[in-house]
Every structure is written in structure tokens, then in C-alpha cells.
Amino acid sequence: MTENTKTAAPACRRGDLTHPGSVKALRTTKRLAGGYLALSVLTLAAIIVMRDDTSVVNDAVWVRGTIVVASALLTFAFAARTARGSRGAYRRLRIASGVMVVAIACIIALPGPFPLWMKIEQGVCGLALLGVVLLVNGPRLRAVFAAE
């Protein structure tokens with residue numbers, strides 16, 4: 001074998017959380033979900049700090065900010081449990097991340113009560129969640145969590 005010849009990584013089998021590709025995909029998923037959680041918590045903190053400025057923080061911002069932190073906590077918990085091999089958490093992570101990406105796209109696209117700064121923040125959250133959606137629906141993790 002020459003040094004230019006690459007050996008293919010072994011195929012990922014159902015339930016194989018130790019495969020290097022699975023480990024990388026799960027680690028990246030947790031990092032993206034953690035980033036979503038961190039940004040959501042920072043946003044809620046900013047909402048609290050700016051609460052007296054009604055042009056920046058209105059009732060819709062309060063409601064959305066609180067909902068996003070709750071969904072980010074769940075998303076991160078699902079990602080952590082998925083990384084430990086929970087098929088149920090994997091299913092929940094696939095559903096929750098997909099639903100949140102659609103909700104964020106609607107908030108950004110539709111006119112409404114959200115100020116520009118929140119739409120930008122939601123866009124960043126949406127990008128992190130899009131990464132989660134792509135990873136958990138990709139062939140690598142689908143093979144790991146395939147039904148028996």
C-alpha cells in the first residue's frame with residue numbers, strides 16, 4: 001500500500017456510538033445545542049437588562065425569549081442523552097430541532113412584533129439548529145439509531 005492510498009473507515013453499525021464518525025457527529029451536535037443554549041440565555045439576560053426600553057423589548061420579545069430558553073434547555077438535554085445512546089432522545093432531538101428551525105424561519109420572514117435585533121439573534125440560533133438538524137438526520141446518526 002502506498003502512502004497515497006487511504007483505507008476506508010469501517011461502516012457504522014446500528015448502535016455503534018464508538019465509531020469515530022459517530023463520536024464526531026455527536027460531539028458537534030452537543031456543541032451546537034450548547035451554543036444555542038448559551039446564546040438563548042444571554043439573550044434573556046439582555047432582555048432583562050433592556051426591559052425598560054419598550055422600543056427594544058416588548059411583550060412578544062419577553063414571551064419568545066422565555067420560550068427559546070426553555071426549548072434550548074430541552075434541545076441540549078436531548079443532545080446529551082442522544083450522545084449516551086438514547087433512541088428516544090434522538091427522536092425528540094430530531095423533532096424539536098426541526099420544529100424550532102421552522103419556527104425561527106417564520107419569525108424572521110414574517111412581519112411582526114419582533115425587533116430587528118431579535119430577528120438577527122434568532123437567525124444565529126437558527127443556523128446552530130440547522131447544523132443539529134443536518135447532523136441528526138444525516139446518514140451517520142440515522143444508521144446508529146436505526147430501529148431494529
Side-chain angles (χ1 to χ4, degrees), residues 1 3-51 57 59-110 112-148:
M1 181 163 38
E3 61 186 74
N4 290 338
T5 305
K6 292 183 180 179
T7 57
C12 188
R13 295 184 317 269
R14 183 180 53 76
D16 188 2
L17 294 172
T18 61
H19 185 279
S22 301
V23 170
K24 182 178 178 183
L26 291 166
R27 183 183 320 122
T28 303
T29 298
K30 280 178 45 179
R31 286 180 179 164
L32 289 168
Y36 171 49
L37 175 58
L39 182 56
S40 299
V41 169
L42 288 173
T43 299
L44 188 58
I47 290 168
I48 292 168
V49 168
M50 299 184 296
R51 69 184 172 268
V57 177
D59 290 342
V61 169
W62 274 106
V63 170
R64 180 69 190 164
T66 305
I67 289 170
V68 170
V69 169
S71 74
L73 283 167
L74 287 172
T75 301
F76 185 76
F78 296 155
R81 289 189 56 221
T82 296
R84 291 192 301 268
S86 170
R87 279 193 178 90
Y90 169 72
R91 248 186 338 271
R92 289 179 197 98
L93 180 59
R94 288 180 65 206
I95 293 167
S97 59
V99 167
M100 289 306 296
V101 166
V102 171
I104 288 169
C106 290
I107 284 171
I108 293 170
L110 299 176
F114 299 104
L116 180 61
W117 73 268
M118 184 157 220
K119 288 185 177 198
I120 292 169
E121 179 270 345
Q122 286 290 282
V124 174
C125 286
L127 289 175
L129 283 175
L130 183 60
V132 171
V133 168
L134 293 174
L135 285 168
V136 298
N137 289 293
R140 168 75 60 200
L141 293 183
R142 287 182 67 94
V144 170
F145 291 99
E148 295 185 44

Report yes or no: does S22 contribute a side-chain atom to a donor-acceptor pair with the main-chain N or O of T18 at less than 3.5 Å?
no
In terms of heavy-atom contacts, P115 and V61 come closest through CD-CG2, 3.4 Å
Side-chain contact, heavy-atom cut-off 4.5 Å: Q122 with R64?
yes
On a heavy-atom basis, which atom in L130 and which in V101 lie closest, and how many Å separate them?
N-CG2, 3.8 Å
How far does CD1 of I107 sit from NZ of K119, to the nearest 0.5 angstrom?
9.0 Å
Solution key, residues 29-45 side-chain donor-acceptor pairs under 3.5 Å, sequence neighbours excluded:
from	atom 1	to	atom 2	distance (Å)
T29	OG1	A25	O	2.8
Y36	OH	S71	OG	2.6
S40	OG	Y36	O	2.7
T43	OG1	L39	O	2.8
T43	OG1	E121	OE2	3.1

Keeping the roles fixed (side chain from R51, backbone from I48), state whether a donor-acceptor pair exists under 3.5 Å.
yes
Walk me through whether L141 and R94 qualify under side chain to side chain contact (heavy atoms under 4.5 Å, CB included).
CA-CA 11 Å; L141 293 183; R94 288 180 65 206; over 6 Å; no
Restricting to pairs with a member in residues 95-110, which pass side-chain hydrogen bond (donor to acceptor under 3.5 Å, both in side chains), not counting sequence neighbours?
none
G85 and L17 have their tightest heavy-atom pair at CA-CD1, 3.3 Å
Nearest heavy atoms of V136 and Y90, plus distance in Å:
O-OH, 2.5 Å
Residues at least two apart in sequence or cross-chain that pass side-chain hydrogen bond (donor to acceptor under 3.5 Å, both in side chains) with R92, listed by chain then number, are none
